S.K.: 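Sharing a structure with you now.
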Amino acid sequence: MIDYKGIESKWQAEWEKARLFEGNISDKESYFITVAFPYPNAPQHIGHLRAYGTGDVIARYKRMKGLNVLFPMAFHGTGTPILAFAKRLKNNDPDLINELKMFHVPDEELKKMTDPLYIANYFVAEIENGMRRAGYSIDWRRKFVSIEPFFSKFIEWQFKMLNEKNYLVKGRHPVGWCPNENNAVGMHDTKHDVEPEIEKQTAVKFKVEGEESYMLCVTYRPETVYGVTNLFVNEEAEYVKCTINGESIYLSKAASEVLKYQLDISQAEDVAPQEMLQKRCIGMDGKAIPVLSGFFVDKEIGTGIVMSVPAHAPFDYSAIERLKAKGYATDISPIKVLEIPGKDYEIPALAYLKMAQTDANGTMEEIEKATKLEYRDESHLGKMTIKGYEGMPETEARERIAADLIKGSKAMELYILVNIPVYCRCGYGVVVKVVDNQWFINYGDKEWKEKTKEAFKGIRILPPKSRKAFEAAIDWIDLRAVARAQGLGTRFPLDPNYIIESLSDSTIYMAFYTISHLIRNVKLESLKPEFFSYVFLGEGNPEEISKLTGIDYDIVKRCKESFDYWYLNTSRHSGVDLIFNHLTMYIYNHVALLEQKRWPKQIVVNGSVLSEGEKMSKSLGNIVPLIDGIEKYSADLIRFVVVAGADLFSDSEFSADAVKGVDERLTFVYDIARKLDSMESTELTHIDYWLYSKLNRKIISASESIEQLELRAYATAVLYDSVLELRRYFNRKGANGIVVRDYVSALALLLSPITPHMAEELWHALGNSTFASVEKWPTANPEMVSDRIESEEGMLDGIIDDTKAVIELMKRKHGSDPKSVRYITAAKWKMPITNAVAGSKKIGAAVELIKSDPEELKGFDKGRMMAYATGLGKKVNSLQKTEVTQDDEMKLIVESSAYISSILNCEVSVEREEDSKSARASAAMPGRPAIEAEF
RNA sequence: GCAGGGGUGGCAGAGCCUGGCCAAAUGCGACGGGCUUAGGACCCGCUUCCUUUAGUGGAUGCAAGAGUUCAAAUCUCUUCCCCUGCACCA
């Protein structure tokens, strides 16, 4: 058993002592890599290893490739989670306490966690410790927390710049809202962490006949407004008549309670449902329509009043039919507003009810099913038939008609909570509140968007298949609310009552790493915008800036140099879940604020981590704290499993079994390294050349893989395949000390990015005194890669397999093991003929070749050749060209006869087909000798 | 609904871009054997079906269906299914 823990702490101390990972300006090319900084409100678990570990693998690889690498780390304290944490802790939230217990947070610490800053600092220390133990090659000197005042100075500069470019705009904005606590609520503030999903909907106003008032109906399908035959209310609901924006409006009492957070509602007076039923409204065509009782109308949904379109809505149709059955509403007939080309439904709603195998008397579920079917079909295929919109696709008409109605003040927009009910943690139902005067970053700005799209072309995205998601995100992102009423962070310069929202203050913070260690002790008031504009944009000169701000000339100059040096060749790493917000905003802000040469060069996204096949979650209790993982399994093993266990885009799976597999293989390699001294070095044999060929091929493929961040392929090549190759080498009686040493030395370096501690240990076990972590990445000698030698070895395996099969059959007859096996290698003329067929996939090619009577086939029996060629018929598609000649084949079998006979347990001999008297001789093919077993 | 990613053998997971060395790598599991007092570890074999008591043969097969091709897991089209995101939340 390898002492991973001892090895890891030893090398971590050595690296630290040698200051191996401190990034300092040099004349080498720079490589600047950042991973999205962690939120310090909990310790890390092994899932976090995915992103940071991936970043570290790249940092380490690039270092070995000779680049001057800077890999810094900081912490994101901005926003509400830490405040929420403090609040939950104060209330002794049992879930939170359990979670913290699982992470081994001591009780006495919990008592001290009343101050948000204390909480942040505690977890900053905790996370940093975990990252160090994971072996990340981080330059810790640049560490900061995003709620530190000097960082705020930087963010203030950023927002000043955004404002100068007119990217900050003000407007209305809907948010989930708790009426009890008077707070905006996001997913983290609701029971069961439900996101309050807000949707914009159209509410159509229908004038009440003989009154200066309206009934308000919320609808998903404003385009069907021309098919309205009546309105529906719920006989048992309570209704009110109130004043909205100066107009008199009827709606359900429940709706008025909810909508008052987004509309100016006053003077409510109760109206009995029976009263509602006696009124008539004016339809789109100016004719009066009745208000009827709808069995399906829910007072909690929308406004409690529904516009009825029996032609296109199965519920409306059913309600009308049921009324008709009782003798009401007999004069109502459906009005079609659209049709699906090729489908000639008289009443579409009825047609879909039939499709759902029901009718107007169906259950709610059945009618719901019909509704979904109809909605889907009509959205996809529907074309409008009503005047003014003829032929227009339904989805287009939906937007057009809604816009037209609003323009004619016949409708208004409402925000509705889609997934009601959502409850705040305090127990109250969440509503939608429309906030006025909300500040936004306008990512919808056309010019900015275009420029960002242009910039995106220059960014390398890994894995490449996530590129499309980025394109979609860049297109889609629009207004982004930027100011929040509560939370930690930087005050919004244009309105200091608000705090800058946490994703918005982390879009260009990577630049801050280049100077954080230099300005940490600079007086806050000196960190003026001019200073940042000089450092990041080169505006002004150091003398002037120093004088203006009071910052030492030397510091000003060093900041600029540091930024200029590091901020060129940048790589950004994060989880796939951040494509649609952080990463897209990262690109946008760079484009807006920095010079083109500072724009992102590479973005890498990775999936998450499953624990024993399940998503890690508190309720499942399968979260493995990072420290626990390291304690139990070691950093190297979990690094390997989590980071290299799946391709970048997929979730990787953490399991004890996988860890065990890696452990066994590393142990296998390590044992070989320690036994090397006892191995002699003799003349190179076939199998030695084979191992060299495999090694050099591996160096090429592993380098390509890691360069493309195909980490699974890289890991498979350097560990899994290596073990298979070494096993085969030893099975084949390979025993050359020099060859194995070369192989293992290269492996140590190839493994260094992913299992840095073990690689370091291996490297030193081989007698080296340098650090593997900063050694030169191995380069392949392409001349040592030999297809011929590898295919000969493959051939040998094939021969042995075939022989075993033959022996197995023979044993049934003879009842004993064979005394000897004779191989008969295919006649010389078979190779060109086989290759001709393999190359062209046509028998004809061989026939042509034989007819043309070339030098190599002279003197052989044409009839036999033709027979052989024809016999290849069925194998045409699987035949492969071979470079292995009959002489090679003879030699291989002779040289390997000891090996073959050790496996088969009998004597082995070989002869040429030309010399053979065996009846089986003609069965020989190139690479597949005939087999004659003797008993 | 919109957008993105997927569907491969008992399971996980390569292969797909660049069609043919693909009955499909590798690992796990199952099974048989060796080793062992036993278990673990390790080693060997096997893991679609049929055929063959001298072999490397055949059939079916990579979500379903159709197409292109001498040739399809791989290319094209259609359908079905699964996962993720959809904003003020880090």
Side-chain angles (χ1 to χ4, degrees), chain A residues 36 38-39 41 76 78-82 173-176 184-189 193 195-198 220 375-376 379-380 395 435 438 440-441 443 463-473 475-484 487 501-504 506 576-582 607-608 613 645-647 649-651 653 655 657-658 660-661 664-665 712-713 716 720-721 723-724 727 731 791 794 798-799 801-815 838 840-842 874-882 903 919-920 923 925 927-933:
Chain A
Y39 205 91
N41 69 338
H76 197 199
T78 317
T80 50
I82 291 179
H173 186 64
V175 292
V185 288
M187 193 167 80
H188 299 285
D189 311 308
D193 282 351
E195 176 75 44
E197 265 185 73
I198 296 167
Y220 277 108
Y375 186 78
R376 195 185 68 185
S379 295
H380 275 301
T395 43
V435 184
Q438 171 65 272
F440 299 92
I441 300 184
Y443 292 112
K465 71 174 160 195
S466 54
R467 213 178 164 85
K468 276 190 189 163
F470 273 94
E471 282 166 1
D475 242 350
W476 160 88
I477 195 168
D478 193 23
L479 292 176
R480 167 121 198 154
V482 69
R484 291 215 56 173
E501 175 273 326
S502 56
L503 284 181
S504 298
S506 57
V576 284
D577 49 328
L578 294 185
I579 293 176
F580 273 80
N581 45 52
H582 165 69
S608 58
D647 66 81
F649 209 63
S650 314
D651 293 343
E653 188 157 340
S655 70
D657 277 353
K660 192 175 120 206
E664 282 164 12
R665 287 170 179 80
R712 188 183 169 82
T716 306
Y720 285 74
D721 292 350
V723 169
L724 292 177
R727 283 211 181 115
N731 283 343
S791 67
I799 291 171
D801 279 352
D802 285 351
T803 313
K804 281 180 183 167
V806 171
I807 289 174
E808 201 47 48
L809 282 172
M810 293 290 290
K811 269 167 103 175
R812 294 188 217 168
K813 185 175 173 186
H814 296 272
S840 63
K841 305 289 172 201
K842 285 190 175 72
K874 282 184 177 167
K875 303 182 183 108
V876 165
N877 288 335
S878 60
L879 274 186
Q880 289 302 310
K881 272 192 165 181
T882 176
I903 288 178
R920 323 235 125 254
M925 282 176 61
R928 298 200 121 159
I931 299 161
E932 179 95 44

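Chain identifiers are assigned alphabetically (A, B, ...) following the order of the sequence lines, protein sequences preceding nucleic acid strands; residue numbering begins at 1 within each chain. Since we're looking at a predicted model, the values are computed, not measured.
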S.K.: Considering only side-chain heavy atoms of A:Phe580, which listed nucleotide, B:G13, B:A90, B:G85, is closest?
M.R.: B:G85
S.K.: Once you round it to whole Å, what is the distance between C1' of B:A90 and OH of A:Tyr39?
M.R.: 7 Å
S.K.: Look through every strand shown and name the nucleotide pairing with B:U60 as Watson-Crick or G-U wobble, where both distances are under 3.5 Å.
M.R.: none
S.K.: Any strand counts, and the cut-off is 3.5 Å on both contacts for Watson-Crick or G-U wobble. Which nucleotide pairs with B:U76?
M.R.: B:A66
S.K.: So A:Pro464, base contact, sugar-phosphate only, or nothing? Heavy-atom distance under 4.0 Å.
M.R.: nothing
S.K.: To the side chain of A:Arg665, which of B:C89, B:G27, B:A3 is closest?
M.R.: B:G27
S.K.: If we take the C1' atom in both B:G27 and B:G13, what is their distance in whole Å?
M.R.: 8 Å
S.K.: Considering only side-chain heavy atoms of A:Glu664, which listed nucleotide, B:C42, B:C89, B:A3, is closest?
M.R.: B:C42
S.K.: From the list B:G27, B:G5, B:C89, which nucleotide is the closest neighbour of the side chain of A:Lys465?
M.R.: B:G5
S.K.: Indicate yes or no for a side-chain donor-acceptor contact from A:His76 to the backbone of A:Ala36 under 3.5 Å, with no hydrogens or angles considered.
M.R.: no
S.K.: Can you tell me which nucleotide in B:A54, B:A87, B:A41 comes closest to the side chain of A:Glu932?
M.R.: B:A54
S.K.: Can you tell me the pairing partner of B:U52 across any strand shown, Watson-Crick or G-U wobble, with both distances under 3.5 angstrom?
M.R.: none
S.K.: Using a heavy-atom cut-off of under 4.0 Å over every strand shown, decide if A:Ala481 touches base, sugar-phosphate, or nothing.
M.R.: base
S.K.: Between A:Thr803 and A:Leu479, who's closer to the 5' end of RNA chain B by nearest nucleotide?
M.R.: A:Thr803
S.K.: Looking at B:C22, which nucleotide sits across from it as a Watson-Crick or G-U wobble partner, both distances under 3.5 angstrom, or is there none?
M.R.: none
S.K.: What does A:Thr716 touch in the nucleic acid at a heavy-atom separation under 4.0 angstrom: a base, only the sugar-phosphate, or nothing?
M.R.: nothing
S.K.: Main chain of A:Gly607, side chain of A:Asp651: is a donor-acceptor contact present, judged purely on distance under 3.5 Å?
M.R.: no
S.K.: For atom C1', what is the distance between B:G61 and B:C49, given to the nearest Å?
M.R.: 11 Å
S.K.: When the distance from CG of A:Asp721 to P of B:G15 is rounded to whole Å, what number comes out?
M.R.: 13 Å
S.K.: Could you say whether A:Ser466 or A:Phe440 is positioned toward the 5' end of RNA chain B, judged by the nucleotide with the nearest heavy atom to each?
M.R.: A:Ser466
S.K.: Would you kindly give the CG-to-C1' distance between A:Asp647 and B:G5, to the nearest whole Å?
M.R.: 11 Å
S.K.: In whole Å, I'd like the distance from the CD1 atom of A:Ile477 to the P atom of B:G85.
M.R.: 17 Å
S.K.: Base, sugar-phosphate alone, or nothing: which one does A:Arg727 contact when heavy atoms must sit under 4.0 Å apart?
M.R.: sugar-phosphate
S.K.: From CG of A:Asp657 over to C1' of B:A12, roughly how many Å is that when rounded to an integer?
M.R.: 11 Å
S.K.: Any base atoms under 4.0 Å from A:Ile579, or only sugar-phosphate, or nothing? Heavy atoms, all strands.
M.R.: nothing
S.K.: Return the nearest nucleotide to the side chain of A:Ser502; candidates are B:A90, B:U26, B:G6.
M.R.: B:A90
S.K.: Which is true for A:Ala930 with a 4.0 Å heavy-atom rule: it touches a base, it touches only sugar-phosphate, or it touches nothing?
M.R.: base
S.K.: Both distances below 3.5 Å, Watson-Crick or wobble geometry, any strand: find the nucleotide opposite B:G85.
M.R.: B:C2
S.K.: How many whole angstroms separate atom CG of A:Asn581 from atom P of B:A87?
M.R.: 11 Å
S.K.: Using the C1' atoms only, state how far B:C77 lies from B:C70, rounded to an integer number of Å.
M.R.: 23 Å
S.K.: Of the nucleotides B:A90, B:U56, B:A12, which has the atom closest to the A:Asp802 side chain?
M.R.: B:U56
S.K.: Counting only side-chain heavy atoms from C-beta out, which of B:G55, B:C44, B:A87 sits nearest to A:Asn731?
M.R.: B:C44
S.K.: Return the nearest nucleotide to the side chain of A:Tyr720; candidates are B:G4, B:G27, B:A90.
M.R.: B:G27
S.K.: Quote, to the nearest angstrom, the P distance that separates B:A63 from B:U74.
M.R.: 8 Å
S.K.: Report the distance from atom NZ of A:Lys468 to atom P of B:U84, rounded to the nearest whole Å.
M.R.: 21 Å
S.K.: Of all the heavy-atom pairs spanning A:Ala481 and A:Phe440, show the shortest one and how long it is.
M.R.: N-CD2, 3.4 Å
